[in-house]
Amino acid sequence: ITAKKHLLFLEKNNDYKGQALFLLSEIYILENNYDLAATQLEKCVSIKSVENKSKYMLGQIYEMQGKYDQAVFQYQSISEDVLHITSIIRAIDILKDQEKYDEALDVIETARPQTLPEQKQILLLELDLLVSVNKVEKAMYLANHALKALPNDIDFLYMRSVMASKLNQLSAAEDDLNKILSLNPNHANALNVLGYNLSSQKERHEEALTYLERAISISPDNPTIMDSMGLLLFRMGQLQDSLIWLEKAYTLKPESNIALHLSEVLYALGKHKKALDVIDKAMSSSPKNNELIRLKDKISIHHKRPAMAK
């Protein structure tokens, strides 16, 4: 209480106002009084000396409260500061979680990386977003350009393997993935993509299973790897085991691709209503996902519940 009184007194002095308000907000955060903390920080953002760190903390509060648009606004407004790239990445992560990939690409255009590690981090994010909006050829061009300068960079090799997979260039993807594994045999994501790609080739299912089992042993709580394992088991005809993996993956990461695979297995098991429920939930955030739309129409034909108007 004494500290608060001193800070409230200092707030009236223009020389100390910014720091006083910022320190007050930190005290309110420690007391779990986030609304009062936000009120103090909203005053701080117009004071140059504490502007950017106040915006960043305000973004964190809004993010925690589920006010994602306001959080993105605060993060994106931070420029010319050591927090700039960190804030841009936070904004992009929020938008990615909401599958707002085009908006995330708009945000990335505002990034001004100053160091080589920052440039690489931003480029990798851009590649990932371009793949998400099906601009794979553009992403491939950028990745090839980066790999001319850094031919053994595992991160760029991995991203290029993902793009090659999307373009159905599975041999090229396999080459990149094997190169990654020669550099780092325990690269869980490379093992996962290799297993996922091989799951589409019936004669290589056992090989795919070996890769995915290795990936899971390295990263046991990774929902993307669980999804790949569930899809492989589905293609191997092991529906109940597939369902277990996909339900785990969907619980941890309820995004559209996992929802699609889970719905396919539920449909194959005759659980049409549950499959439709999963699809409806996924389409609330991805209403234009053509694969979900096609699967919903297919299931609706075999279920008394009619398809909703698109």
Side-chain angles (χ1 to χ4, degrees), residues 93 96-97 99 124-125 127-128 131-132 152-269 271 274-275 278-279 281-282 286 289 291-292 295:
D93 284 343
K96 279 176 62 180
D97 287 343
E99 299 188 27
L124 286 168
L125 274 173
L127 295 177
D128 185 45
V131 171
S132 297
N152 291 321
D153 188 283
I154 285 177
D155 296 320
F156 286 123
L157 284 167
Y158 174 74
M159 284 305 305
R160 189 169 70 176
S161 75
V162 172
M163 298 165 208
S165 302
K166 292 274 186 182
L167 295 170
N168 206 32
Q169 299 171 4
L170 298 184
S171 178
E174 191 168 348
D175 288 344
D176 279 343
L177 292 165
N178 281 325
K179 185 171 183 178
I180 291 169
L181 293 173
S182 72
L183 297 166
N184 178 6
N186 293 321
H187 195 290
N189 288 334
L191 290 164
N192 173 57
V193 176
L194 198 47
Y196 179 89
N197 286 351
L198 294 180
S199 74
S200 64
Q201 304 172 47
K202 188 174 182 180
E203 69 279 5
R204 300 185 73 179
H205 278 175
E206 290 300 326
E207 192 179 349
L209 185 61
T210 300
Y211 286 125
L212 291 177
E213 285 175 342
R214 281 176 60 194
I216 284 172
S217 70
I218 295 164
S219 185
D221 299 319
N222 188 319
T224 302
I225 301 173
M226 294 177 187
D227 174 56
S228 298
M229 179 63 86
L231 183 62
L232 172 62
L233 293 171
F234 172 56
R235 289 171 172 169
M236 294 174 75
Q238 300 177 30
L239 299 187
Q240 290 295 342
D241 289 338
S242 169
L243 181 64
I244 291 169
W245 281 108
L246 289 169
E247 285 184 331
K248 277 185 187 178
Y250 186 69
T251 299
L252 291 171
K253 188 179 180 182
E255 56 95 41
S256 56
N257 280 336
I258 298 175
L260 177 68
H261 299 153
L262 176 57
S263 301
E264 287 176 324
V265 173
L266 289 168
Y267 172 57
L269 288 166
K271 299 180 179 183
K274 192 169 181 181
V278 171
I279 291 172
K281 185 174 180 182
S286 301
N289 187 306
E291 290 181 291
L292 286 171
L295 182 59

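Here the structure is a predicted model, which is why all the values come from computation and not from measurement.
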Leu232 vs Trp245 side-chain heavy atoms within contact, under 4.5 Å: no

Rounded to the nearest 0.5 Å, what separates atom CG in Leu212 from atom OG in Ser228? 5.5 Å

So, do Asp227 and Lys253 sit near enough that their side-chain heavy atoms are less than 4.5 Å apart? no

Less than 4.5 Å apart, any side-chain heavy atom of Met163 and any of Lys166? no

How close do Pro223 and Ala249 get, counting heavy atoms only, and between which atoms? O-CB, 3.4 Å

Mind checking the OG-NE2 spacing from Ser182 to His187? Nearest 0.5 Å is all I need. 11.5 Å

Check the pair Leu170, Gln201 against side chain to side chain contact (heavy atoms under 4.5 Å, CB included), reporting the backbone distance first and the verdict last. CA-CA 10 Å; Leu170 298 184; Gln201 304 172 47; 3.9 Å; yes

Residues Asp128 and Lys96 bridged, charged N to O under 4.0 Å: yes

Give a yes or no answer on whether the side chain of Ser242 reaches the backbone of Gln238 with a donor-acceptor pair at less than 3.5 Å. no

Do you know which two heavy atoms are closest between Val193 and Ser165, and how far apart they sit? CG1-OG, 3.9 Å

Minimal non-hydrogen separation, Phe234 against Ala268, with atom names: CE1-CB, 3.9 Å

With no hydrogens and no angle check, is any side-chain donor or acceptor of Ser219 less than 3.5 Å from a backbone partner on Ala215? no

Sub-4.5 Å side-chain heavy-atom contact between Leu127 and Phe156: yes

Just verifying a value: how many Å separate Leu124 CG and Met159 CE, rounded to the nearest 0.5 Å? 7.0 Å

From Ile225 atom CD1 to Lys248 atom NZ, the distance as rounded to the nearest 0.5 Å: 13.0 Å

In short, Arg214 meets Pro185 closest at the heavy-atom pair NH2-O, 2.9 Å

Result for side-chain contact (heavy atoms from CB on, under 4.5 Å) between Ile279 and one of Leu266, Leu260, Leu295, Asn289 points to Leu295

Exactly one candidate in Val278, Ile258, Leu246 meets side-chain contact (heavy atoms from CB on, under 4.5 Å) with Ser263; the answer is Val278

Any side-chain heavy atom of Glu213 sitting closer than 4.5 Å to one from Leu209? yes

Minimum heavy-atom distance between Tyr267 and Ala275, given as atom pair plus value: N-CB, 4.1 Å

Which of these, Glu255, Glu291, Glu99, sits in a side chain to side chain donor-acceptor pair (under 3.5 Å) with Ser286? Glu99

Does the side chain of Leu269 reach to within under 4.5 Å of the side chain of Lys274, using non-hydrogen atoms? no

Drop me the distance from Leu233's CG to Leu239's CG, to the nearest 0.5 angstrom. 9.5 Å

Quick one: are Ser161 and Asn197 in side-chain contact, heavy atoms under 4.5 Å? no

Working to the nearest 0.5 angstrom, can you tell me the gap between Arg160 CZ and Leu177 CG? 10.5 Å

Please tell me if the side chains of Leu194 and Asn178 come closer than 4.5 Å, counting only heavy atoms from C-beta onward. yes

Work out which heavy atom in Arg235 is nearest to a heavy atom in Ser199; give both atom names and the distance. NH1-OG, 2.7 Å

